[in-house]
Structure formats: structure tokens, C-alpha cells
Amino acid sequence: MSVNRNPAARKKCSSCHSRVSNVSESNRCKGCACDQLRDLKVNSRVNIFLKSGREFNNVRFLSLNNEDCCAYFLDGSRTLVVNCKDIEAILLPV
């Protein structure tokens, strides 16, 4: 990997980064599903239904990354990564 030593490029990159960093977490990942995942306890078992029609049953919630809206679930021994903005519905535990 090459390192860009151009000061102008670094300045542009750092201003882009600060602009992204100034966006509040709640504005980055909008929507009902994202809001519900923020409050969900780790290891909660849920069913998720994606806008594409795909569904995942009895997966364990691991985390939500507010930077990129990736929600992490454990599906058996595999990690499932879903953009929370692509989740249409969540069947929450009682």
C-alpha cells in the first residue's frame, strides 16, 4: 500500500473525514430498524426480514456500527452482516 505524501491530498482527506465525523450518529443510520437495534441487548435472538424479501430466523444480535450502519448477527456459526437500513422488519424477543 502506498502512502500519499501530498499535503494537499491529506488536507482534503482530513476535511472529508471531519465532515463525516460531524454527522450525528442518529442521522447516519435512520429508520425504525436501526433505532430498534441501537436499544437491543447483545445476544438477543431475533428474526429479521430484509427489504429484498430474504429472512433470517433465530439469529443472535451482536452489534450495530453507527459509522456504516452495519448490523452484525450470529447465524449458527456464521456472522451475518446487514445494513440496518435494508431491514424491513424485526421480530423482537418478548
Side-chain angles (χ1 to χ4, degrees):
M1 179 167 81
S2 66
V3 176
N4 188 345
R5 301 198 187 280
N6 180 343
R10 278 199 305 268
K11 183 178 179 184
K12 180 179 178 186
C13 184
S14 64
S15 69
C16 175
H17 176 70
S18 66
R19 188 174 48 225
V20 170
S21 298
N22 289 334
V23 177
S24 76
E25 288 180 2
S26 61
N27 287 338
R28 219 173 265 140
C29 305
K30 289 185 179 181
C32 176
C34 299
D35 292 342
Q36 292 299 316
L37 291 176
R38 271 189 207 88
D39 296 332
L40 192 60
K41 291 181 182 176
V42 173
N43 286 321
S44 294
R45 292 205 176 265
V46 296
N47 295 350
I48 56 174
F49 304 87
L50 303 182
K51 292 177 181 176
S52 68
R54 186 99 193 258
E55 61 183 77
F56 296 92
N57 297 313
N58 204 29
V59 294
R60 282 192 314 168
F61 173 69
L62 298 176
S63 65
L64 174 66
N65 183 332
N66 283 309
E67 296 283 322
D68 58 11
C69 304
C70 287
Y72 295 85
F73 300 89
L74 193 59
D75 185 11
S77 61
R78 301 175 302 172
T79 301
L80 173 66
V81 182
V82 177
N83 188 317
C84 67
K85 295 186 279 187
D86 293 333
I87 298 174
E88 188 169 41
I90 304 172
L91 186 58
L92 298 168
V94 266

* Asked: Do Phe56 and Ile87 have side-chain heavy atoms sitting under 4.5 Å apart?
  -> no

* Structure fact -> Tightest non-hydrogen contact, residues Lys85 and Lys51, listed as O-NZ, 2.8 Å

* To do: Take atom CZ of Arg54 as the centre, draw a 6.0 Å sphere, and report whether it contains more than 12 heavy atoms from other residues, nucleotides or ligands.
  => no

* What's the verdict on side chain to side chain contact (heavy atoms under 4.5 Å, CB included) for Ile48 and Phe61, showing C-alpha distance, side-chain angles and the deciding distance? -> CA-CA 10 Å; Ile48 56 174; Phe61 173 69; over 6 Å; no

* Asked: What are the two closest non-hydrogen atoms of Arg28 and Asn66, and how far apart are they?
  -> CD-O, 3.2 Å

* Does the Cys29 SG fall under 2.5 Å from that of Cys69? -> yes

* Are the side chain of Asn83 and the backbone of Cys70 linked by a donor-acceptor contact shorter than 3.5 Å? -> no

* Under a single-linkage definition using a 4.5 Å side-chain heavy-atom cutoff for Ile, Leu, Val, Met, Phe, Trp and Tyr, are Leu37 and Leu80 assigned to the same hydrophobic cluster? -> yes

* To do: For residues Gln36 and Leu92, report the shortest heavy-atom separation together with the two atoms involved.
  => OE1-CD1, 3.5 Å

* Structure fact -> Taken to the nearest 0.5 Å, the spacing of Asp75 CG from Asn57 CG works out to 9.0 Å

* To do: Search all heavy atoms of Cys34 against all heavy atoms of Leu64 and return the closest pair with its distance.
  => O-CD2, 3.7 Å

* Please check if Phe49 and Val82 belong to a single hydrophobic cluster, counting links between Ile, Leu, Val, Met, Phe, Trp and Tyr side chain heavy atoms closer than 4.5 Å. => no

* **Partner residues of Asp39 under the side-chain contact (heavy atoms from CB on, under 4.5 Å) criterion, sequence neighbours left out** => none

* Asked: Under a single-linkage definition using a 4.5 Å side-chain heavy-atom cutoff for Ile, Leu, Val, Met, Phe, Trp and Tyr, are Tyr72 and Leu74 assigned to the same hydrophobic cluster?
  -> yes

* Minimum heavy-atom separation for Leu40 to Val46, with atom names? -> CD2-CG1, 3.8 Å

